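Following: one structure in structure tokens, then a few remarks.
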Amino acid sequence: MCGIVAVIGKGVDAELVQQLSKRMSHRGPDESDLHITEKGHFLSHERLSIVDLQTGKQPIQGTNSAWMVHNGEIYNHKKLRDTVLKNHTFRTTSDSEVIVHLYEEYGYEFCDMLDGIFAFVVIDGDEFMAGRDPLGVKPLYYGIDSHGAIYFASEMKAIADQCKSFAAFPPGHYYSPKTGFVKYYQPQWEDAAKAVEPLDLKAIRETLTEAVRKRLMSDVPIGVLLSGGLDSSLTSAIASRLMTEAGSPKLHSFSIGLDSKAPDVIAARAVAEYLGTEHHEIYFSVEQGIEILDTLIWHLETYDVTSIRASTPMYFLSKAITEKGIKVVLSGEGADEIFGGYLYFRNAPSVADFQQETIERVQKLATADLLRADKSTMAHGLEARVPFLDKAFLSLAIKIRPEEKQPATYGGVEKYILRKAFDTPEKPYLPDSVLWRQKEQFSDGVGYNWIDALIEYGTAQVTDEQLAKAAEVFPHNTPTTKEAYYYRTIFQKHFPQASAAKTVRKWIPKWQENQDPSGRANKAHVKADTNIATLKATL
């Protein structure tokens, strides 16, 4: 894992590229390297060492003139070395190196052969290509400067003030000057009409287990983010079993809340005790959370309300985890999108609407939960891996008949089939109190006062007159609450470019009167507050 920068073109010097790369030194605190190609192009790398600690430094040269930088993990790299790349000579044992060799073997047509998460750039003479993983687990931005030089970077902050225009690189695509953008990832599940597969609980259990297994690939210690919700608890339970079977050291689990009585902290404690993990509880105060909002938004590169609310505890948690010497964690992102787990899904007007919404939510994850998970963890040099977004698991789970996934089918229990798949009578994966716990969004679960305090604080920073003129100040994605307006002003300070504002998508629930992203805004929530952010925002 790392931060990457690539610059292809003239009129840029090495010192500048190094400075741009160092803006992302938090992503790779272990090593920093720059390569200038024979044609004068640049590849820079800020490394977080996880696989091949000794020889895996980047940029990596292929057999001849091609060089590459990569941010991510390639889980099937050994299989690729032993099969389609068996005639290639490798310089390292790094999982990343297979990318440059696949380029040499297949040209541009190889991204779909990779099983993993990635954002990469390959430069070969004056030719180059860039690619991003299927769902955008790893971030990538691209732009062009006034002289025509092309920039790529893991974070927007590395290139925003250098480029006359820039954008987020689309997930599931590769780019080269010869081909333009090519959508290499075209799964059947993107077609809602293909959701016709019967429910197979055993296949769900086995495929998710395999997704977790491959994500335990590491030469450094691994932990789990354990909120006590279904998704993180399942990944923790599976990882704990697999590590016990392999004779690995005890799994470290981490939870966070405002105090020891926060809903997530209580549930996570029960899971940790049940699984026998080495558990760590981290606490933060509302005041601490508000204090770091400016820094947090600089790291996140978004003004989306729910991303900021949820990233604050994740930011503090990531810092505590790295201080414990852990560099890799498993996380539960993706399950709510795949299985319609957010409470508003129960209001879907039809099964067709339900299925289409799950597909669109998965497709847009790169602008929401994946952005939050990557940037709030990598702010402290921590890598988050997401088993639910494994390609094989996606192919299985999204194509299940939507009637099987709708909460209405099972008395309003969201993600019922996922719960049922792991509700095994022999050797249960989780205690019933957690396996059947109602969906609690992360920013709520750390303590309900967290969101309430944020709304009150953001409201106090913005006048009625400012909010009334929001459309004049922010014509794109105009904020509609004072809290949102406040976050937007911080974002605008760090990223004033018009291109920057256009990289952000706002997360808004459907099919409910109150469109605040808090789970408590839905009347089905056990602690529902359907006036959240509406009445408070006018105070």
Side-chain angles (χ1 to χ4, degrees), residues 155-157 160-161 167-168 284-315 344 364 367-369 371-372 375-376 379 441-444 446-510 512-522 529-539:
E155 295 187 0
M156 186 167 61
K157 60 180 64 68
D161 59 355
F284 75 104
S285 67
V286 169
E287 293 74 21
Q288 287 174 317
I290 290 172
E291 185 179 349
I292 59 100
L293 283 174
D294 189 284
T295 299
L296 181 73
I297 291 172
W298 179 82
H299 276 292
L300 292 181
E301 304 180 327
T302 186
Y303 47 81
D304 174 56
V305 169
T306 191
S307 295
I308 293 167
R309 289 175 177 178
S311 291
T312 310
M314 204 165 189
Y315 178 89
Y344 76 85
K364 294 175 182 177
T367 64
D369 282 18
L371 180 148
R372 166 187 55 78
K375 292 181 181 177
S376 57
Q441 286 168 224
F442 187 45
S443 51
D444 289 317
V446 297
Y448 297 145
N449 189 46
W450 168 236
I451 288 180
D452 296 343
L454 272 183
I455 293 170
E456 292 179 14
Y457 180 80
T459 298
Q461 309 308 306
V462 178
T463 66
D464 292 341
E465 291 75 19
Q466 285 176 308
L467 187 61
K469 295 181 179 179
E472 298 175 26
V473 181
F474 304 117
H476 180 78
N477 271 347
T478 303
T480 58
T481 68
K482 291 182 178 181
E483 180 193 11
Y485 189 106
Y486 176 60
Y487 299 153
R488 188 65 176 271
T489 61
I490 298 175
F491 178 90
Q492 183 81 0
K493 179 183 69 173
H494 293 301
F495 306 105
Q497 302 85 2
S499 292
K502 293 176 181 178
T503 66
V504 179
R505 284 181 179 267
K506 296 191 288 185
W507 196 103
I508 301 174
K510 285 185 177 180
Q512 64 184 42
E513 292 183 12
N514 187 338
Q515 293 192 325
D516 188 274
S518 167
R520 285 184 295 144
N522 191 291
D529 178 4
T530 55
N531 289 324
I532 192 169
T534 53
L535 295 178
K536 294 183 176 70
T538 64
L539 296 176

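Note that these values count all heavy atoms, side chains included, but never hydrogens, waters or copies made by symmetry. A quick note: this is a predicted structure, and the numbers were derived from the prediction, not measured.
- Put simply, the side chain of Ile308 reaches to within 4.5 Å of the side chain of Ile297, judged on heavy atoms.
- Taking CG from Asp304 and CH2 from Trp507, the interatomic distance works out to 9.0 Å, rounded to the nearest 0.5 Å.
- Side-chain N or O atoms of Thr463 include one that pairs as donor or acceptor with a backbone N or O of Gln466 at under 3.5 Å.
- Residues Thr367 and Val504 have side chains not in contact (no heavy-atom distance under 4.5 Å, counting atoms from C-beta outward).
- Between Thr302 and Ser307, the shortest heavy-atom contact is CG2-CB, 4.0 Å.
- Note that the OG1 atom of Thr503 and the NE2 atom of His476 stand 8.0 Å from one another [nearest 0.5 Å].
- Of all non-hydrogen atoms in Phe491 and Ala500, the two that sit nearest each other are CZ-O, 3.6 Å.
- Counting all heavy atoms, side chain and backbone alike, Ser376 lies closest to Ser311 at CB-O, 4.0 Å.
- Residues His494 and Asp294 form a side-chain contact, since some pair of their non-hydrogen atoms from C-beta on lies under 4.5 Å apart.
- With Glu483 as reference, Arg309 is the one residue of Arg488, Gln461, Arg309 to meet the side-chain hydrogen bond (donor to acceptor under 3.5 Å, both in side chains) rule.
- Counting only heavy atoms from C-beta outward, the side chains of Lys506 and Val305 never approach each other to under 4.5 Å.
- Taken to the nearest 0.5 Å, the CD1 atom of Ile508 stands 7.0 Å off from the OG1 atom of Thr480.
- Between the CG atom of Leu296 and the CD1 atom of Ile490 there is a distance of 9.0 Å, given to the nearest 0.5 Å.
- Ring pair Trp450/Phe284: centre-to-centre distance below 6.0 Å.
- One finds the CE atom of Met314 at 10.5 Å from the CG atom of Leu300 (value rounded to the nearest 0.5 Å).
- Note that CG of Leu293 is 15.5 Å distant from CH2 of Trp298, once rounded to the nearest 0.5 Å.
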Let's go through Glu301 and Lys375 carefully: what are the C-alpha distance in whole Å and the side-chain angles of both, what is the deciding distance for salt bridge (Lys or Arg N to Asp or Glu O under 4.0 Å) to 0.1 Å, and is it a yes or a no? CA-CA 8 Å; Glu301 304 180 327; Lys375 292 181 181 177; 2.6 Å; yes
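- Taking the side chain as every heavy atom from C-beta outward, Ile290 and Glu287 never approach each other to under 4.5 Å.
- Taking the side chain as every heavy atom from C-beta outward, Tyr487 and Leu454 approach each other to under 4.5 Å.
- Contact of the Thr312 side chain with the Gln288 side chain is not registered, since no non-hydrogen atoms from C-beta on lie closer than 4.5 Å.
- For the pair Thr459 and Tyr486, the minimum side-chain heavy-atom distance is 4.5 Å or more.
- For the residue pair Gln497 and Ala160, the shortest heavy atom distance occurs at NE2-O, 3.4 Å.
- Ring to ring, Tyr303 and Phe474 are not that close: their centroids are 6.0 angstrom or more apart.
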